[in-house]
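Remarks on the structure that follows.
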Amino acid sequence: VYKRQLEGKAKGGNTEYWNMIARKYAECVEMSEYDYGVKIRNIFRREEIISSDSVVIDIRAGPGSVAIPLAEYTRKVVAVEPTSEMVRFLLRNASKKGVTNIEVINKKWEEINVAEIEGVFDVAICCNVLQLFRDVDNQLLRIALISDYYCAAVSTGYDSNDFCDNLGFRRCKYSDLDCLVNIIRSMGWIPNLEVVDVVMKRSAMSAIRMWELFLARHGEVSEKDRKIIREYILSKSKDGVYEERGKWRLSGGNYERVFK
């Protein structure tokens with residue numbers, strides 16, 4: 001089921017697409033005041049998963065959405081990000097926030113030799129990009145190997161289902177989260193789940209362009225598509241700011257008993 005859901009998402013894994021949207025995504029994260037990253041950090045603090053001495057690895061870190069809030073509290077964050085433009089905005093955003101304890105690895109996660117960093121990190125986090133991995137079970141194993149204590153996978157869902165239907169996207173009966181949780185359980189792990197309400201803000205014009213670029217990954221964008229996108233975004237905008245509300249699902253666990 002999960003492999004079927006990945007059909008059509010493969011283009012989302014190429015660096016060209018992420019380079020194109022890096023600026024707009026970074027502006028969105030900044031305008032939203034790192035909302036979901038701060039909430040993830042607060043959960044980790046509440047559950048005593050991280051401390052001021054923790055070393056964390058953030059896989060596919062983007063412009064620092066989660067890495068920067070975590071770095072504000074922990075000793076060090078290693079951000080794995082293959083896209084040059086995302087790295088540029090991550091470093092820019094960190095500088096603007098006065099954060100100096102982020103180390104960037106400008107590579108694909110799949111290219112990293114985990115044997116060289118096994119057990120190095122206290123916490124490993126992979127936020128909303130597991131769907132880019134065809135062999136997600138193998139990548140989860142690799143992620144767990146490098147964490148000495150805790151691994152977390154984050155999946156998202158936003159309130160735009162009717163909008164997607166109007167654009168002709170075929171929605172699967174099962175969410176990515178449903179599939180991922182079942183994969184994790186099939187591997188013998190019992191995930192801890194928490195649902196977090198989040199808000200993402202960006203200018204209306206930026207949101208329109210983001211959706212056009214997203215749709216272009218799947219084919220030609222027609223004038224009808226552009227009209228649907230524009231009408232939807234403007235209907236959800238106020239004073240030129242588009243606000244998207246959704247839920248981020250945090251799935252994590254202590255895998256020490258599996259690997260140690």
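These numbers come from the heavy atoms of this one structure, side chains and all, not from hydrogens, waters or symmetry mates. Just so you know, residue 1 is the first one in the sequence shown, and it goes up from there.
A donor-acceptor contact shorter than 3.5 Å is absent between the side chain of S147 and the backbone of A144. Formation of a donor-acceptor pair under 3.5 Å by the E47 side chain with backbone atoms of I49 is not found in this model. In this structure, S54 contributes its side chain and S51 its backbone to a donor-acceptor pair below 3.5 Å. With hydrogens and angles ignored, the 3.5 Å screen pairs no side-chain donor or acceptor of D122 with any backbone N or O of V56. Between the side chain of N93 and the backbone N or O of I68 there is no donor-acceptor pair closer than 3.5 Å. Although no hydrogens or angles enter the test, the distance criterion places a donor-acceptor pair under 3.5 Å between the side chain of S203 and the main chain of S206. Panel note: side chain S32, backbone C28; a donor-acceptor pair is recorded below 3.5 Å.
By the 4.0 Å N-to-carboxylate-O rule, K201 lies too far from E33 to be salt-bridged with it. Between E243 and K236 there is no salt bridge, since none of the side-chain N atoms of the basic residue sits less than 4.0 Å from a carboxylate O of the acidic one.
In this structure, I143 is a member of the same hydrophobic cluster as M187, with clusters built from ILVMFWY side-chain heavy atoms closer than 4.5 Å. By the rule that hydrophobic residues join a cluster once side-chain heavy atoms approach within less than 4.5 Å of another member, V241 and Y232 end up as members of separate clusters. If you chain together hydrophobic residues whose side chains sit under 4.5 Å apart, L234 and F214 fall into the same group.
A heavy-atom distance below 4.5 Å is found between the side chains of I112 and I105. Between T74 and V55, the closest side-chain pair of non-hydrogen atoms is not below 4.5 Å.
By the side-chain contact (heavy atoms from CB on, under 4.5 Å) test, E220 is found to be paired with no residue, residues two or more places apart in sequence or in another chain being considered. For D53, the salt bridge (Lys or Arg N to Asp or Glu O under 4.0 Å) partners are R75, not counting sequence neighbours. Every residue meeting the side-chain contact (heavy atoms from CB on, under 4.5 Å) condition with E212, not counting sequence neighbours, appears here in chain and number order: I208, R209, R226, I229.
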For this session: Please lay out, stage by stage, how D58 and V78 fare under the test side-chain contact (heavy atoms from CB on, under 4.5 Å).
Result: CA-CA 6 Å; D58 182 8; V78 173; over 6 Å; no
Exercise. Hey, mind stepping through R202 and E27 against salt bridge (Lys or Arg N to Asp or Glu O under 4.0 Å) and telling me if it holds?
Worked result: CA-CA 7 Å; R202 67 185 81 204; E27 290 172 352; over 6 Å; no
Problem set entry | Worked verdict on E81 versus T83 for side-chain hydrogen bond (donor to acceptor under 3.5 Å, both in side chains) | CA-CA 6 Å; E81 174 52 53; T83 310; 3.0 Å; yes
Problem set entry | Derivation of the side-chain contact (heavy atoms from CB on, under 4.5 Å) call for R88 and R23 | CA-CA 9 Å; R88 185 166 74 85; R23 178 182 293 277; 3.7 Å; yes
For this session: Test K97 against E72 for salt bridge (Lys or Arg N to Asp or Glu O under 4.0 Å), laying out the working first.
Result: CA-CA 9 Å; K97 296 279 283 183; E72 289 177 322; 3.6 Å; yes
Exercise. Given the rule in the side-chain contact (heavy atoms from CB on, under 4.5 Å) test, do V29 and M31 qualify, once you have shown the distances and angles that lead to the verdict?
Worked result: CA-CA 6 Å; V29 169; M31 186 178 287; over 6 Å; no
Exercise. Would Y25 and E30 satisfy side-chain contact (heavy atoms from CB on, under 4.5 Å), going step by step from the backbone distance to the final call?
Worked result: CA-CA 9 Å; Y25 187 40; E30 196 171 18; over 6 Å; no
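Atoms CH2 and OH, on W211 and Y242 in that order, are 7.0 Å from each other to the nearest 0.5 Å. To the nearest 0.5 Å, atoms CD1 (I125) and CD1 (I59) are separated by 9.5 Å. Interatomic distance, F89 CZ to K96 NZ, rounded to the nearest 0.5 Å: 9.5 Å. The CD atom of E85 sits 12.5 Å away from the CG atom of L90 when rounded to the nearest 0.5 Å. One finds the CD1 atom of I57 at 12.5 Å from the CG atom of L70 (value rounded to the nearest 0.5 Å). Separation of atoms CD1 (I228) and CD (E231) is listed at 8.0 Å; rounding is to 0.5 Å.
Because its NZ or CZ atom is both nearer than 6.0 Å to the ring centre of Y73 and within 45° of the ring axis, R45 counts as a cation-pi partner of that residue. A cation-pi contact, defined as under 6.0 Å to the ring centre and within 45° of the axis, links R142 to W109.
For D225 and S222, the side-chain atoms include at least one donor-acceptor pair closer than 3.5 Å.
Here the shortest heavy-atom pairing between A61 and A67 reads CB-CB, 4.5 Å. C127 approaches V66 most closely through the heavy-atom pair SG-CG2, 3.9 Å.
Annotation: K39, atom NZ; neighbour count of heavy atoms from other residues, nucleotides and ligands within 6.0 Å is above 12.
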